[in-house]
Amino acid sequence: MAQRRSALSEFELIRRFFTHRSRGATLGVGDDAALVRVRAGNEVAVSADMLVEGRHFFVGAAPDLLGHKALAVNLSDMAAMGATPRWATLALALPRVQVRWLEAFSRGFMALARRHKVDLIGGDTTRGPLAICVQIMGEVPNGQALRRDGAQKGDDVWVSGQLGDAAMALGAIKGLVRVSPRERRALEQRLHAPVPRVGLGLALRGIAHSAIDISDGLLADLGHICERSRLGAVIEWEAIPANPIVRSRAQTDRGAQALLAGGDDYELCFTASRRRRSDVLRAAERARVGVTLIGSMGRRGRGDAPVRVLDSVGKPLAIRARGYDHFR
Ligand code: ADP
Ligand code: MG
């Protein structure tokens, strides 16, 4: 950085807020690059996710929650790969140096990092419009990653947790859906402080054939599994797990949109053989996360949508909802 002087130099800022003793790296923050050693027999899973002010979060968003979420969305990618998260880097563009903002941001980020034993091993800090880019690295035993292209014909389709909360929270914040203050707090918690399903991803290794985390909505993300696996999916509308606040609005366009295309939930969607149902349930129990069977994978007919949604009598739902796409 070092374009303009401020009360805190770039160097001091990094030392004060982003230098922590690293346990899992050979060399952490402070050199030109960090050094890590991968355990024998493992591959490295690498992913990055960027949060931009005004695009992924509101101007003035609480910094501790931003710190949490910036790491949580990346941990969610590790979860979806069945990888053990190990190291992260943090590239920050800051409009100005505000000690209180940095303190809170770093607190939120590091609290979640410690919970998952992830080391912050480097990054970059520059002046600019507020943007947060985290890169995460994890380990997964050779050949055992949960990929999008592994689904098989006849597989069950499962999702963890409940869908639509984050989208419903956005609706409430924008004044488009009316909820009680208590409901709103619960929904906002899910939007601002998502819980990455890392334990579930690990427990599903060797059981699930494919997995993805739901960041752009169920239809879009399950659609990615379909495309990559060259199959189609059929899911039951009534089976999609939703909390009562969302389910009670499921007949409205907004409710349906939240359930099928709501982004930002960070639950896992995965497929596994029908014969492994009890193994899936045991894995979920071990990870202390609910999972719900919502459909199955099959051949994709010519002209079929990748994901078809059936109502309670087996009739295809006319779907207007689509996943979130930044460029549409
Ligand atoms: P260089 O000029 O070699 O890129 P920097 O001066 O940008 O190095 O960074 C110094 C050290 O601080 C490096 O180890 C870098 O990885 C680390 N670092 C910089 N910004 C951050 C940050 N926001 N979070 C964690 N580490 C950071
Ligand atoms: Mg640099």
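Both ligands and their constituent atoms are indexed starting at 1 by order of listing. Nothing here was measured: the structure is a model prediction, and the numbers come from that model.
- When each atom of ligand 1 is checked for a heavy atom of D31 under 4.0 Å away, the hits are 13 (C), 14 (O).
- Among L218, V309, L163, the single residue meeting the side chain to side chain contact (heavy atoms under 4.5 Å, CB included) criterion with L259 is L163.
- Seen from the ring of W158, R274 does not count as a face-on cation partner, given the 6.0 Å and 45° thresholds.
- In the vicinity of D124, heavy-atom distances shorter than 4.0 Å reach the ligand 1 atoms 7 (O), 19 (C), 20 (N), 21 (C), 23 (N).
- The heavy atom nearest to atom 3 (O) of ligand 1, out of those in T89, L94, D32, T126, is found in D32.
- With 3.5 Å as the limit, one finds no donor-acceptor pair spanning the side chains of T84 and E139.
- Interface of G30 with ligand 1, defined as ligand atoms under 4.0 Å from a residue heavy atom, comprises 11 (C), 13 (C), 14 (O).
- Heavy-atom contacts of T125 reach the following atoms of ligand 1: 19 (C), 20 (N), 21 (C), 22 (C), 23 (N) (cutoff under 4.0 Å).
- A salt bridge links E103 with R16: the closest approach of a Lys/Arg side-chain nitrogen to an acidic carboxylate oxygen falls below 4.0 angstrom.
- In this structure a side-chain-to-backbone donor-acceptor pair under 3.5 Å is missing from R184 to E188.
- A side-chain donor-acceptor contact under 3.5 Å links N42 to the backbone of A40.
- For ligand 1, the polar-atom distance check against I14 finds no nitrogen or oxygen pair separated by under 3.5 Å.
- Here's the thing with L90: one of its N/O atoms is less than 3.5 angstrom from an N/O atom of ligand 1.
- Counting only distance, with no hydrogens or angles, the side chain of T19 and the backbone of V29 share no donor-acceptor pair below 3.5 Å.
- Those atoms of ligand 1 with a heavy atom of E10 less than 4.0 angstrom away are 6 (O), 7 (O).
- With G122, C133, A93 as candidates, the residue nearest to atom 26 (N) of ligand 1 on a non-hydrogen basis is G122.
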